[in-house]
Amino acid sequence: MSAPRVPGEPLDAVQVARFPVRRTVLALLVIGLVVFPLLWWRLTPLRRVGVVVVDKTLPQPMWREHERIHWWLEHRRVMGPRGDAEWLFAKDYVGYDPVAKRGRDLERADLEDARLVYIADAYGVYAGDYLVDDDSTTHGELEPSARIYGGMTDGEVDALERFVADGGSVVAEFNTLEEPTAGTAAGDRLGALLGARFERWLGRWYGDLSAADEIPRWMRERYERVYWKPWEFRGPGLVFFSDVGDRIVVVDSSEFTSPWPVTFEVDEPADPLVRRARAGQPYWYWMSGVAPTDSGRVLAHFELHITDAAKARMQAMGFSTRPPAVIRHRGPTLRAYFPGDFADVGSAPPPLKRMRGMDWLGRLQAREWKPGVQKRFFWRVTIPLWDGMLDEVQAPTR
C-alpha cells in the first residue's frame, strides 16, 4: 500500500494514471445510463394494438388534448398507423384539422383494424376561439359563441356500438358526454355504452378567482344574479356550475381543509384499470358531474377537501360532493369514462419518450407539487390508468 500523499507533494505516476481511469469509468456509466434505456426501447417488440384517437377540440395547431396520448403510445411502443412505433400529433387522430380548418367524424372504416378507441375531447371549435379584441379584459374563448365543429354524432355512436359488439373497447374522457353532446340522442346512447350519465354540471379549480383570463364574464354574472351580491373573490378557489339553469357555488381557499382541495381516490383497487393508479394525488382542473348508469360502476372518485358548510351549499344546489373520477361499464369489454381532463397536463409532453425503464425518473421529477401543475397527477394517475387500459386490450404479439 502506498503511503498517504502529503498536501503539496507532487503526484506520482500511479496516482496521475488513476484520474483518467476514474473519469473514463464515470463517462462509461453515464453513457450506459442513457444508451441502455434507448436500446431497450428499440429492442422491445411492438405492441400490436390498433388504437384510434378522437380529438375534436383543436382551434389551433397545438394538439394539446391528444399529444400526451400520442407520447404515451410511442413510449409504450404501441404500433402506429404506419406499422411502426411513431405517432404523429398532426396526423394520427380523427377530428378537427386546425390547419385545413375542417372536421371529420369517426367512421366505421376507421375501426376496421382497431381494438381500442380513445376519445380525448369532443367539445369542438367555436367562433370565440378566433376572436381577437384589443380589450385585454375580453376573452372570447371563455364566452358562449357559435359552434364551428364538435360534439359526437349519431353516426359516430352507430359505429362505436357496432365496434363494441364486435369486441372493441372504448375509453373517453372530458369533454365527450358534456356539451355539445349532452342532451342529444347520441349523448344518451354513448353514455349507455360507457356506463355513465352526465348530470349537467361541472366543476373546476381556479388559480385566481379575480383573473379575467380565467373567470368568464357569464360566470360572474350568474353568481351575482343568483346570490344578489358582487363577485369579489380573490385567490384560488373551486367553482361548480350547471350547464343548464342558474345553479352555481363558489368555494374560495378559506374553505379548503387541505393544501390539496381535490384529490383522486380509488374505490376498487382490485380492478385492473385502476390497480396501478396512486390514490391521494392532487387534481387541479376540470371535473364533470357524472353518475354511473345501472350498467356502470364507480372505480375512483374525486375527494373534495372543503368545509362541511361548503359541502352543504353544494348539496343544496344539487352538486355531488363525491363526484366519480372513473366509471366503468359492467360489460365484457373495456368501456370506461374519465370525467376529467386526464390527458391534459398543461405543459409540453414529458421527455423520456423513447426510453424504457425510466418512468421512475419522471415520477421522481414530479414528486414535488405546486397548485395548478398536473405533472404529479399525470405520472401517478393518468399513465397508470392508460397502462391498465392497454393491458386489457393487448393483442398477442406476433
Side-chain angles (χ1 to χ4, degrees), residues 57 59 123-147 150 174-175 177-183 198-262 283-291 302-323 339-341 344 346 371-372:
T57 309
Y123 179 65
V125 178
Y126 293 77
D129 295 327
Y130 302 104
L131 180 63
V132 177
D133 199 314
D134 292 334
D135 180 1
S136 61
T137 64
T138 300
H139 297 271
E141 74 280 5
L142 301 179
E143 305 298 335
S145 61
R147 174 161 44 112
F174 179 90
N175 189 317
L177 296 180
E178 297 76 19
E179 286 292 334
T181 307
F198 178 45
E199 298 201 311
R200 308 308 297 263
W201 66 268
L202 304 168
R204 182 184 161 179
W205 176 88
Y206 288 95
D208 185 357
L209 293 172
S210 67
D213 61 347
E214 289 195 75
I215 306 300
R217 183 174 54 211
W218 65 261
M219 186 179 288
R220 301 167 187 261
E221 292 174 349
R222 177 183 294 189
Y223 177 86
E224 293 171 355
R225 185 168 60 247
V226 170
Y227 293 97
W228 290 77
K229 56 184 177 180
W231 178 291
E232 296 178 337
F233 299 103
R234 298 288 185 273
L238 295 167
V239 181
F240 303 91
F241 59 92
S242 62
D243 70 336
V244 290
D246 268 358
R247 295 180 295 154
I248 187 169
V249 171
V250 180
V251 182
D252 69 15
S253 58
S254 68
E255 297 185 285
F256 292 173
T257 59
S258 167
W260 298 347
V262 181
Y283 179 73
W284 303 101
Y285 209 28
W286 285 104
M287 297 168 284
S288 173
V290 299
F302 293 118
E303 188 73 21
L304 305 182
H305 301 277
I306 58 179
T307 64
D308 290 340
K311 290 181 179 179
R313 295 202 310 274
M314 289 183 60
Q315 291 168 342
M317 283 283 181
F319 303 138
S320 171
T321 58
R322 202 171 183 269
D341 255 341
D344 189 351

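We number each residue from 1, following the sequence as shown.
Between Met317 and Val226, the closest side-chain pair of non-hydrogen atoms falls below 4.5 Å. Using a 4.5 Å cut-off on side-chain heavy atoms (C-beta onward), Ser288 and Leu177 make no contact. In this structure, the side chains of Ile215 and Tyr223 stay at 4.5 Å or more apart for every pair of heavy atoms. Trp260 is listed as a side-chain neighbour of Trp284, based on a closest heavy-atom distance under 4.5 Å. Side-chain atoms of Met287 and Arg204, non-hydrogen and from C-beta on, never get closer than 4.5 Å to each other. Side-chain contact between Ile306 and Thr321 is absent, with no heavy-atom pair separated by less than 4.5 Å. Looking only at side-chain heavy atoms (C-beta outward), Val262 and Tyr285 stay at 4.5 Å or farther from each other.
Within the 3.5 Å criterion, the main-chain N or O of Gly245 finds a donor-acceptor partner in the side chain of Arg222. In terms of modelled atom types and a separation under 3.5 Å, the side chain of Tyr227 and the main chain of Ile248 share a donor-acceptor contact. Judged purely by atom type and a 3.5 angstrom limit, Thr257 has no side-chain atom pairing as donor or acceptor with the backbone of Thr307. At least one donor-acceptor pair under 3.5 Å links the side chain of Thr57 to the backbone N or O of Tyr123. Side chain of Arg200 to main chain of Val244: no donor-acceptor pair is present (N/O by atom type, distance under 3.5 Å, no hydrogens or angles). Checked by atom type and distance alone, the side chain of Glu224 pairs as donor or acceptor with a backbone atom of Trp231 at under 3.5 Å. The backbone N or O of Pro59 lies less than 3.5 Å from a partner atom in the side chain of Tyr130, making a donor-acceptor pair.
Annotation for Glu214 and Gly207: closest pair OE1-N, 3.4 Å, computed over non-hydrogen atoms. Of all the heavy atoms in Gly150 and Pro180, the pair that sits closest is C-CG, 3.9 Å. In plain terms, the two heavy atoms of Gly128 and Ser145 that are nearest each other are N-OG, 2.9 Å. Across every non-hydrogen atom of Asp129 and Gly124, the tightest pair is OD2-O, 4.4 Å. For the pair Pro236 and Trp205, the tightest heavy-atom approach, listed with the atom from each and the gap, is CB-NE1, 4.1 Å.
Partner Phe233 forms a side-chain contact (heavy atoms from CB on, under 4.5 Å) with one of Asp208, Val239, Val251, Leu209 and no other, that one being Leu209. Of the options Val249, Val250, Asp308, a side-chain contact (heavy atoms from CB on, under 4.5 Å) to Arg313 is made by Val249 and by none of the others.
The OH atom of Tyr283 lies 5.5 Å from the CG atom of Asp341; values are rounded to the nearest 0.5 Å. To the nearest 0.5 Å, atoms CD (Glu255) and NZ (Lys311) are separated by 12.0 Å. A distance of 4.0 Å separates CG of Asp246 from CZ of Arg225, quoted to the nearest 0.5 Å. To the nearest 0.5 Å, atom OG of residue Ser320 and atom CE of residue Met314 are 6.5 Å apart.
Between Trp218 and Phe241, the gap from one ring centroid to the other is short of 6.0 Å.
Using a cutoff of 4.0 Å between basic side-chain nitrogens and carboxylate oxygens, Glu232 and Arg220 are not scored as salt-bridged.
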### Query
Stepwise, does the side-chain contact (heavy atoms from CB on, under 4.5 Å) test hold for Arg234 with Asp252?
CA-CA 8 Å; Arg234 298 288 185 273; Asp252 69 15; over 6 Å; no

### Query
Can you check side-chain contact (heavy atoms from CB on, under 4.5 Å) on Glu178 and Asp243, steps first, answer last?
CA-CA 9 Å; Glu178 297 76 19; Asp243 70 336; 6.0 Å; no

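Between Trp286 and Phe174, the ring planes lie parallel to each other; the angle is under 30°, not in the 30° to 60° tilted range.
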